[in-house]
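Below is one structure, written out as structure tokens; comments come after it.
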Amino acid sequence: MDYKKTLLILVFISFLFNCENQDNATLEVLIIPQPQEQTLGKGSFVLNNSTGIDYDDNFKVSAEFLKSYIKEGSDIKLEGSNKISFTKDETLSDEGYSLEVLPKNINIKAKTDQGAFYAVQSLRQLLPPEFENGTFQGNDIAIPCTTIKDEPQFSYRGMHLDVGRHMFSVDFIKKYIDALAMLKMNTFHWHLTEDQGWRIEIKKYPKLQEIAAYRNETLIDHYNTQPQQFDGKKYGGYYTQEEIKDVVAYAQNRFVTIIPEIELPGHSQAAIAAYPELGCTGEQVEVATKWGIFEDIYCPKEETFTFLEDVLDEVMALFPSKYIHIGGDEAPKTRWKNCDYCQALIKREGLKDEHELQSYFISRIETYLNSKDRQIIGWDEILEGGLAPNATVMSWRGFNGAIEAAKQHHDVILTPGSHCYFDHYQSENKDEPLAIGGFTPLERVYSFDPIPEELTQEEAKYVLGAQGNVWTEYMKTSQKVEYMVFPRILALSEVIWSYPKERNYKEFVSRVEHFHKRMDALDINYANHLYEIEGKLVTNNNKPAYQLETSSKGKTIRYTLDGSEPTTNSKTYNNPIPITESVTLKAGVFNSEGKLGETFSQEINFHKAVGKKISINKALNKSYPGSGAEGLVNGISGSDTRYGDKEWLGFSGEDIEIMIDLGEETDINSIETRFHNGQGQWIYAPKEIQISIGDDLFKTIKIPKSNSQIVDIQISPVEKGKIISLRIPNYGIIPEGKQGAGNKAWTFIDEIIIN
Ligand code: ACM
Ligand code: ZN
């Protein structure tokens, strides 16, 4: 059903017939995640002291949640005769509900208390946001009459949080769980152990608390910043078993299951620092102080299994969840290769290699957990060397793990980095706070489809759902976690709950905008990139023009071309702006009150190749396609540091040839371009390039060796020509002693400027 059309028609009908109470044209039903079916009725229910509540023990959790939400949010006592009633409906699915708002009552129907809880969360979003923090002032609250029938598409709707890299208070963990519940998510994946810190109290192993829970210092700034520097401050802590019990009960009361993760065999350096005998070498290591992947992993000897089984016993006593996450990712095999015990074990068990040894490790842990009636989840590396018989796979390195597991008839949960990693950047804004890297903006998350198209309908049934991951290397505070998680969690919650077939991003954005007030009231430090502008050079009748876009609806873009700040008096943007000279374009998104968000600023260097025909003899690289070949002649240069931005084009190991057609014989005074030379990232400027103009033979230009991040090339031919060709041979194999030695180098090229 096209919800928007229905809504419009109903708004129109209610307008025509002018209903008894309030005109619903002024009331909206804007809910995230969007319900599967919703229709707007006539009139409204007025929440005030005539309102009461009616429920039995079947709906204790959901009804009491609503009661305290209303009582704490307002002065309403819920003792009146216009009832909000909870009724059992066995025909609905386990998490489904119906919510009917009529002028004199509100009817919630569900098969389970959990279903009713989700009805309450929808109703909550129809109440003023001031209810969230008890600042509501007033008496009669009109709730639009509406009928909602709803149920989730996926049974696993999760969010993860890494508390190993940075730790967060119990209060914050509860706030996080509250947010999940509000968005009808039902799983919190609590990543409790890491190389940089062990965060769960295990009574049998006190050194986990004394040693593994603390690191001596922490890396400052980004991992790639050289030289690496450390803060010299001890950091750490752990959750006591009492705290964990409290959090688990808190989550249960919101229908959120907590899945604990105890990482093995890798990401275990903190535990090995506490108990060196768990590693292969037996040597003392320290709790890691920087990020990355570490070679000291658990050695699969009997005493390690005893340790892990003891740990898991205490974990299972705290967490009633059916699933225990056992990690399984990023376990380098170096130590196992050099360990006599490991090599003897490989022989004795008839294993092929260290991957099969990892499989053996995971399968033993699975057998143990299965014997206690629990199931394992592992990151997709657990596929390597053979999947443990009953394992559920969490597919993070793209979609392939999910496809492979589902084809083997194993359950899968999707958390691909491309759509579900909320530690990535979400904006190209230069002022964005430090993040690990990547680029996963809100729109990308909203476009996520948890069911890979490679799966048949039958195989797709193994997809339990999806999850957002929050790795906290670059999130020291809970405010930063909130900034990275919100609003992307809103998009994810909708993708998993409603699975909208035809996604209207702008319509979703208008609901996000509406949701801002609720997040304000909840004191959530969300990121707001809704009023950012995206610009690109286009051609209009073969003439270059600059196009501006924003994702929020009903706003005006205003701009200037002289470098001044745009104001309410600046020109309104309607169509792409013709570019006939170099300009500094500044633009902003405005509503009637003024500018919203940050000013967009773009220097456009109008040179002779801008908007001209360009081709490259190699396909664009999927990871670094820039803005296509045209991006090399769009008048815009890339950033000096972020080679992943829209202006740089990256090619791995390939020789490329670029041809620019200026359209007519043109005086060429100079040709300029530049290469990124980030050798730590395997990116090398070429050793030479060859250029030809018109029918000239190619001329070779040698590029001297350089250690700077950017290598500029400028040649001044002063001749006439129409076609300009650049041959750019790849640097070649990365030399010994450099990062990535032995691999092919990348070539990254920026704007080709012709004057
Ligand atoms: C992961 O991101 N290492 C699962
Ligand atoms: Zn070993």
Side-chain angles (χ1 to χ4, degrees), residues 158-165 189-196 223 259 261-269 271-272 275-283 285 288 291-305 307-308 325-349 351 353-354 356-358 360-362 364 377-384 392-402 412-424 435-438 440 466-475 484:
M159 279 298 293
H160 151 282
L161 184 65
D162 162 21
V163 296
R165 275 58 176 261
H189 169 177
W190 203 354
H191 183 83
L192 284 163
T193 68
E194 258 308 334
D195 299 305
Q196 296 84 2
Y223 183 88
I259 298 181
E261 179 178 355
I262 304 298
E263 273 266 25
L264 55 92
H267 288 293
S268 49
Q269 189 167 307
I272 296 171
Y275 296 99
E277 60 273 25
L278 300 174
C280 286
T281 66
E283 280 167 24
V285 293
W291 322 126
I293 298 175
F294 297 86
E295 289 185 344
D296 287 290
I297 68 173
Y298 292 125
C299 180
K301 20 184 189 197
E302 288 312 307
E303 61 186 302
T304 304
F305 287 112
F307 166 81
L308 288 170
H325 201 304
I326 51 74
D329 61 321
E330 300 180 324
K333 306 297 186 296
T334 329
R335 292 284 183 266
W336 289 1
K337 283 197 174 115
N338 296 314
C339 168
D340 292 344
Y341 183 89
C342 287
Q343 292 307 313
L345 182 58
I346 286 177
K347 272 223 182 79
R348 193 171 76 224
E349 293 292 328
L351 304 172
D353 56 15
E354 290 74 22
E356 289 199 357
L357 182 56
Q358 159 136 346
Y360 164 89
F361 199 124
I362 305 280
R364 269 196 67 163
I377 302 181
W379 300 109
D380 57 40
E381 285 93 333
I382 66 169
L383 281 153
E384 294 162 9
T392 295
V393 173
M394 200 167 253
S395 184
W396 71 280
R397 296 174 300 173
F399 293 80
N400 288 345
V412 297
I413 295 154
L414 280 104
T415 63
S418 53
H419 295 79
C420 295
Y421 269 47
F422 296 168
D423 55 342
H424 289 172
I436 193 163
T440 308
Q467 171 175 295
N469 289 345
V470 185
W471 303 101
T472 59
E473 287 93 334
Y474 300 99
M475 301 180 210
M484 300 304 281

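Atoms within a ligand are numbered from 1 in the order they appear, just like the ligands themselves. Values in this document were obtained by computation on a predicted structure and should not be read as measured data. One-based numbering along the sequence shown.
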Atoms of ligand 1 less than 4.0 Å from [X] heavy atoms?
X    : result
W396 : 1 (C), 2 (O), 3 (N), 4 (C)
Y421 : 1 (C), 2 (O), 4 (C)
W471 : 1 (C), 2 (O), 4 (C)

[Y] and [X] aromatic ring geometry - parallel, tilted or perpendicular at 30°/60° bounds:
X    : Y    : value
Y360 : F305 : perpendicular
H191 : W471 : perpendicular
W396 : Y421 : parallel
W379 : H160 : perpendicular

request  = Return the residue, atom name and 0.1 Å-rounded distance of the protein heavy atom closest to atom 3 (N) of ligand 1.
outcome  =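 Its nearest protein heavy-atom neighbour is D329 OD2, 2.6 Å.
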Margin query: Working note: Q343 + E354, criterion side chain to side chain donor-acceptor pair (under 3.5 Å); need CA distance, chi angles, decisive distance, verdict.
Written below: CA-CA 9 Å; Q343 292 307 313; E354 290 74 22; 3.0 Å; yes
What is the SG(C342)-the Zn ion (ligand 2)-SG(C339) angle, to the nearest 10 degrees?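 Vertex the Zn ion (ligand 2), arms to SG of C342 and SG of C339: 100°.
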Problem set entry | Degrees at the Zn ion (ligand 2) between the SG atom of C299 and the SG atom of C280, nearest 10° |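 SG of C299, the Zn ion (ligand 2) and SG of C280 span an angle of about 110°.
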Region of E330 that comes within reach of ligand 1 [heavy atoms, distance under 4.0 Å]: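 Answer for E330: side chain.
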Distance from H267 atom NE2 to I297 atom CD1, nearest 0.5 Å?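 With rounding to 0.5 Å, NE2 (H267) is 10.5 Å from CD1 (I297).
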